[in-house]
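Working notes, structure below.
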Amino acid sequence: MSERSERTGQHSSHALTTPRSGGVSKQIVRPYGDTTGDGMVQVSFTLPVSHDKRAEGAAVQLANKMGIDPAMVVHAKPMGDGFTFFVVYGRVNHLVDLGAVQVVERDFALLSAKEVNTVVKQRLRRKLSVVGACIGTDAHTVGIDAILNVKGIAGEKGLEYYRELKVTNLGAQVSVPELVEAARAEKADAVLVSQVVTQRDAHLHNTREMSAAFREAMPAGRRPLLIVGGPRFDETMTDELGVDRIFGRGTTPGEVASYLVHALITQRKAMA
Amino acid sequence: MTGKLDLDPALVARARELARRAGQPVVDLARSHTTVSVERAVLRLAGVTGADPDGIPWVNRLVDAVVADVGLGHGVAVPVFDALAREGVTDVTLLAQKAAAGSVRFTQPTGRAATAARSAARRAVGAGIRRIDRRRAERDRLVKRHGDPAQRPWIYLIVATGDIYEDIPQAQAAARAGADVIAVIRSTGQSLLDYVPEGATREGFAGTYATQENFRLMRAALDESSKELGRYVRLTNYASGLCMPEMATLAGLERLDMMLNDSMYGILFRDINPIRTFVDQRFSRQVHARAGIIINTGEDNYLTTADAVDEAHTVTVSQLLNEFFAHEAGLADWQLGLGHAFEINPEVPESFRLELAHALLARELFPDAPLKWMPPTKHMTGDVFRGNLLDGFFNLAGALTGQGILLVGMMTEAVVTPWLSDRDIALQNVRYVLGAAGGLHEDFVPAPGGFIRRRANQVLGEALDLLERIGEQTLLAAIAEGTFGIMKRPADRGKGLAGVAAHEADYCNPATEILEAAA
């Protein structure tokens with residue numbers, strides 16, 4: 001980490017804190033350029049106008065409407081016929097209330113591969129079966145492969161590497177009936193589906209179709225854990241999509257394995 | 001060999017010999033089988049056009065009708081032209097319509113009827129191949145008139161809106177901004193359609209359907225751009241998936257200039273049956289050879305699933321196999337856009353030197369091939385600033401190692417489909433590097449005994465080991481075991497297997513006969 005970004009991190013932890021009426025602390029921060037509270041941001045965009053004085057004025061107008069004031073157009077470049085690209089720096093007048101931020105926090109312990117194997121072996125006493133696929137017309141296996149292939153991602157090995165997991169990777173363009181059938185044949189404890197293509201919300205349609213098919217094919221107690229992942233999912237949409245968990249951008253195999261252990265073994269035992 | 005890496009010529013010759021040995025059984029397999037798509041391509045050459053009201057092409061309806069009556073193993077040309085004579089119909093498309101309505105029965109004729117049908121089929125298919133010849137001559141004329149790009153590598157840019165009428169102005173704008181080659185990405189999933197859609201299309205997912213009419217419209221638009229810009233702007237599409245032979249044929253008929261056409265991509269990444277792929281691939285390459293089309297192979301894809309350092313040698317092996325299959329099908333070295341990619345994790349120490357070693361190895365092994373240099377995708381993280389830097393190094397590696405075709409990398413790879421500004425920034429990056437260091441390959445000779453030479457020789461050595469291992473089993477077994485890109489693909493599985501048949505003793509394919517007679 002560079003000296004500069006460390007400094008930034010330090011400042012942001014000293015964010016302005018004011019008590020809220022209900023006693024919940026309200027933490028207000030503003031964007032950071034080089035001084036606490038300066039509110040500086042940088043944006044770039046294209047307008048469908050030829051490059052001239054008026055175009056730069058239009059860029060300033062847009063930046064102002066985005067809450068950037070004053071806005072400095074530091075770069076304006078004509079692109080093709082009738083388009084101009086802008087880079088704008090400026091001070092944004094919006095505040096961020098950290099107390100009002102809503103995200104899905106990880107609600108399970110992160111385990112090492114060895115710990116995952118130990119829990120599965122001691123408490124499940126058989127291999128945990130995982131079936132993965134890209135469904136619909138999506139041919140991008142990059143995501144599912146990163147999670148499942150031994151190779152893994154970012155130096156972390158994929159689920160195939162876990163001795164106590166039995167992984168079946170069906171690959172690309174698998175139909176939903178094929179997936180349900182494979183889940184049945186492999187006695188899947190969990191089904192992992194990756195969706196990269198998002199044109200016309202294909203990832204959402206496909207996921208709903210998949211969860212509906214599993215609901216129809218298997219009774220609630222016998223249904224495998226349904227997990228979808230992909231860079232454009234909203235992690236809070238599990239109920240709407242009918243799945244147990246959604247993993248977004250940057251998810252690692254270790255997180256998925258830890259979640260499987262949590263949802264299928266630790267949590268289930270605790271509830272029983 | 002230019003000798004920048006001090007490669008042992010005996011080892012290089014040995015590698016080619018091993019590739020031939022691994023590939024020959026596959027060629028034998030391809031020569032003794034046919035597929036529904038090969039037969040549909042033959043009918044397209046013979047003049048069958050159009051589709052039924054449901055959008056199913058008449059070639060599909062006709063092949064299906066013939067297969068239902070006499071099977072696939074004789075080839076459809078003779079039964080079709082025999083029926084044409086018996087029915088007294090002159091137009092093959094009309095015959096297809098009648099066959100689809102169930103009013104024509106097909107038989108496999110013998111004796112004089114067979115001889116007559118064979119020669120009629122050969123005349124009709126020959127006319128189709130002559131159309132491809134005329135389009136090739138037309139390209140030669142236009143290249144002569146407008147000229148080739150001033151620099152190497154040629155700058156290759158992707159357009160993919162889903163709507164051909166949206167693609168056209170974008171492609172023309174890209175050409176004006178410096179693109180030498182326009183690739184229209186296909187709609188996702190088209191590779192698994194067992195028919196070629198018809199007509200101009202405005203709806204696609206992450207790409208535009210490849211159709212004969214879309215090919216024609218885009219080629220005409222780029223002909224205008226070529227005239228305007230004073231350089232011939234090339235057009236690329238995909239001869240891959242279940243309709244590979246038909247795509248190649250349509251590309252030849254509509255004067256496309258390059259086609260993505262890998263020998264194993266469909267098997268590994270689309271789970272298409274290996275035999276289907278190899279049979280389709282051989283026919284499509286014969287058509288490409290005849291049409292003067294440059295093929296682009298897909299080795300870059302292996303490195304997106306496997307590690308780019310550990311598996312670098314699988315790229316070399318695949319390039320050698322692709323070269324063997326291409327030569328066998330009649331393609332010349334100038335038509336071999338062998339693929340490779342800049343996909344090493346930038347966190348790996350000396351990653352750029354490793355990239356240079358791999359890129360130069362490909363350059364030295366295939367000195368007369370216009371190598372296709374593919375940008376980073378796997379390690380593009382959404383940090384667009386770092387991505388732009390990485391693309392700059394990719395461009396520099398391309399300039400240093402004399403690559404032939406450079407696919408422009410986008411800093412927004414893995415974030416969005418490229419915006420207008422992304423493309424502009426990416427082209428600016430390419431122009432800067434080629435302007436500042438375009439001739440640097442002349443000066444770039446890695447030090448004897450140095451890191452780059454050692455690494456290149458190591459990869460060649462690993463490629464030889466792998467080829468030896470493949471030689472001990474077979475290529476099909478190696479693919480089944482997951483040797484390339486980790487995917488395991490057995491020969492008796494995968495999509496499209498139902499459309500494969502072994503040749504009967506009287507198998508007849510006039511297109512193959514004409515194409516092989518010329519080779």
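Reminder, nothing fancy here: chain letters follow the sequence lines and each chain counts from 1.
- A:Lys77 and B:Asp424 get closest at one heavy-atom pair: NZ-OD2, 2.5 Å.
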For this session: Just do the side-chain contact (heavy atoms from CB on, under 4.5 Å) check on B:Leu420 and A:Phe85 with the steps written out, would you?
Result: CA-CA 9 Å; B:Leu420 185 71; A:Phe85 176 67; over 6 Å; no
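- Between atom CD1 of residue B:Ile425 and atom CE of residue A:Met79 there is a gap of 7.5 Å, rounded to the nearest 0.5 Å.
- By the neighbour-count criterion of 12 heavy atoms within 6.0 Å, atom CZ of B:Arg493 is sparsely surrounded, having that number or fewer from other residues, nucleotides or ligands.
- For B:Gln428, the part lying under 4.5 angstrom from a heavy atom of chain A is the side chain only.
- With a 6.0 Å radius and a threshold of 12 heavy atoms from other residues, nucleotides or ligands, A:Tyr161 has its OH atom at or below the threshold.
- Separation of atoms CG (B:Asp422) and OG (A:Ser44) is listed at 8.5 Å; rounding is to 0.5 Å.
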